[in-house]
Amino acid sequence: MRNQVTVIAPAKLNLALDVVGTLPGGYHGLDMLMQAVSLYETVTLRRSQNLTLRLPGSRVPANDKNTAYKAALAFFHYTGLLAGVEMEIRKTAPVRAGMGGGSADAAAVLVGLNELYGAKLSMSELCALGAQLGADVPFALMGGTCRVQGKGDLMKALPPCPDCRFVVVMPSVGVSTPEAFARYDEMGSPVHPDCDVLEAAVRAGDLRALCAGMGNALEMCSGARETPRIRRMLDEAGALASMMTGSGAAVFGVFESEEPARAAAAALRRAYRQVWVLAPDAGGARLAPRPRKKKE
């Protein structure tokens, strides 16, 4: 029986985000194309009688309001296990960025506890638990490339995204998701991407058609003032398309290959401190490989 597990969970980008109505409970109905990317939260879980959370080097509060802590509580409540866990999270995704770092942490906790305590919950059970924690948690469990609808709980796995590189830039100020949606309710948006067209582009492996249809209904009402400038810089550096992800504030550009992406990232780093070159990731939260034992 294992006493410790480590889980890695990729951050995400929204290749499209449309708001299509209002659902019961006040949730916004969404239609999105979501992509896991090669920026990973790392969550280590150890068996314990207590429930504790550490976030070394992060400014995110390690308290009972954290989604990782809530995920552990939800897991133990659902399974009825009288147990605890020590959680240590090494964060890499920026906060208030629209990249799903907190959701990735929650997904990693669910996957890790399922393994640590041998609960044998199915993916559908984990996703149902995840949906109680946040709209992006079910996708963080599934990962890869997905069409995501409803409040984030209706997912359709798609073939892998056409090979490309994403240059992601985090501006100096983040965005509050509730405030972004509140502004959308006041302002609306002229941007409504056609996710049927984008799904077809993914299925056809057509990167340029995918880029031509990308859009984010929250971008103009996010309140992120640096978005236009970052997008302009990415476009001038050769991006096939650029847009804000999620409710903001991170902005990304799509490049056909590694070399132009790295050149663009170098240019953006003259103005912004947090810039990444990321690849599409094919999976969601999963156990990290066990370290190999050294041969005697």
Side-chain angles (χ1 to χ4, degrees), residues 5 7-12 14 17 23-30 32 34 36 40-45 51-55 58 60-81 83-117 119-144 146 148-155 174-181 245-247 283-287:
V5 297
V7 183
I8 58 171
K12 61 87 177 172
N14 292 85
L17 188 158
L23 301 173
Y27 290 98
H28 291 81
L30 304 173
M32 303 178 288
M34 297 176 73
Y40 305 99
E41 304 280 276
T42 303
V43 179
T44 300
L45 306 177
L51 188 57
T52 59
L53 173 63
R54 293 182 62 246
L55 299 164
S58 173
V60 176
N63 57 29
D64 60 2
K65 294 181 174 59
N66 189 285
T67 52
Y69 195 98
K70 291 178 180 179
L73 287 177
F75 176 86
F76 289 127
H77 177 76
Y78 181 80
T79 59
L81 287 166
V85 64
E86 294 177 6
M87 299 177 282
E88 182 175 297
I89 300 176
R90 299 283 175 174
K91 293 196 67 63
T92 55
V95 178
R96 293 162 65 101
M99 296 186 70
S103 297
D105 296 339
V109 168
L110 294 176
V111 168
L113 287 175
N114 199 37
E115 174 69 17
L116 195 64
Y117 285 105
K120 298 182 179 179
L121 301 186
S122 66
M123 178 58 76
S124 62
E125 287 178 292
L126 292 175
C127 285
L129 275 176
Q132 300 171 21
L133 302 166
D136 289 338
V137 180
F139 173 75
L141 286 159
M142 290 282 291
C146 284
V148 182
Q149 295 173 292
K151 60 181 182 181
D153 55 336
L154 304 175
M155 292 184 295
V175 169
S176 160
T177 297
E179 291 177 10
F181 276 103
T245 181
S247 57
R286 67 262 195 186
L287 295 172

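Note that the coordinates shown come from a computational prediction; the quantities given were computed from them, not determined experimentally.
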**Asked** Quick one: side-chain hydrogen bond (donor to acceptor under 3.5 Å, both in side chains) partners of T177, sequence neighbours excluded?
**Response** S247
**Asked** Looking at side-chain heavy atoms only, is the closest gap between D136 and M34 below 4.5 Å?
**Response** yes
**Message:** Quick one, L110 and L126 - any side-chain contact, counting heavy atoms below 4.5 Å?
**Reply:** yes
**Asked** Does the side chain of F75 reach to within under 4.5 Å of the side chain of L121, using non-hydrogen atoms?
**Response** yes
**Request:** Might you point out which heavy atoms bring L55 and P61 nearest each other, and give the distance in Å?
**Result:** CD1-O, 3.8 Å
**Item:** Smallest separation among heavy atoms of A93 and G101, with atom names
**Value:** CB-CA, 4.0 Å
**Request:** Test side chain to side chain contact (heavy atoms under 4.5 Å, CB included) on T44 and V5 and set out the steps.
**Result:** CA-CA 6 Å; T44 300; V5 297; over 6 Å; no
**Request:** Specify the closest pair of heavy atoms between P10 and G283, including all atoms of both residues, with the distance to one decimal.
**Result:** CG-O, 3.5 Å
**Complete:** For Y40, the side-chain hydrogen bond (donor to acceptor under 3.5 Å, both in side chains) test, sequence neighbours excluded, returns D281
**Asked** More than 12 foreign heavy atoms under 6.0 Å from CZ of F76: is that the case here?
**Response** yes
**Asked** Any side-chain heavy-atom pair from C127 and M155 closer than 4.5 angstrom?
**Response** yes
**Complete:** The complete set of salt bridge (Lys or Arg N to Asp or Glu O under 4.0 Å) pairs with one or both residues in residues 89-102, sequence neighbours excluded, reads E41-K91, E88-R90, K91-D105
**Request:** Given side chain to side chain contact (heavy atoms under 4.5 Å, CB included), test L133 with T67 step by step and report yes or no.
**Result:** CA-CA 7 Å; L133 302 166; T67 52; 5.6 Å; no
**Request:** Check the pair F139 / M32 against side chain to side chain contact (heavy atoms under 4.5 Å, CB included), numbers first and verdict last.
**Result:** CA-CA 11 Å; F139 173 75; M32 303 178 288; over 6 Å; no
**Student check: side-chain heavy atoms of K151 and P24 closer than 4.5 Å** = no
**Prompt:** Under a 4.5 Å cut-off applied to non-hydrogen side-chain atoms, are L51 and V85 in contact?
**Reply:** yes
**Item:** Over all atoms of both residues, closest heavy-atom pair of K70 and K65
**Value:** CE-O, 3.4 Å
**Considering all heavy atoms, the nearest I89-A68 contact** = CD1-CB, 3.5 Å
**Full working for side chain to side chain contact (heavy atoms under 4.5 Å, CB included) between L53 and N66** = CA-CA 9 Å; L53 173 63; N66 189 285; 3.7 Å; yes
**Asked** Can you find a pair of side-chain heavy atoms, one from Q132 and one from L129, that are under 4.5 Å apart?
**Response** yes
**Item:** Within-4.5 Å side-chain heavy-atom neighbours: T245 and M99
**Value:** yes
**Item:** Minimum heavy-atom distance C146-G143, with the two atoms named
**Value:** SG-O, 3.6 Å
**Complete:** When rounded to the nearest 0.5 Å, the distance separating CG of L141 from OG of S124 is 11.0 Å
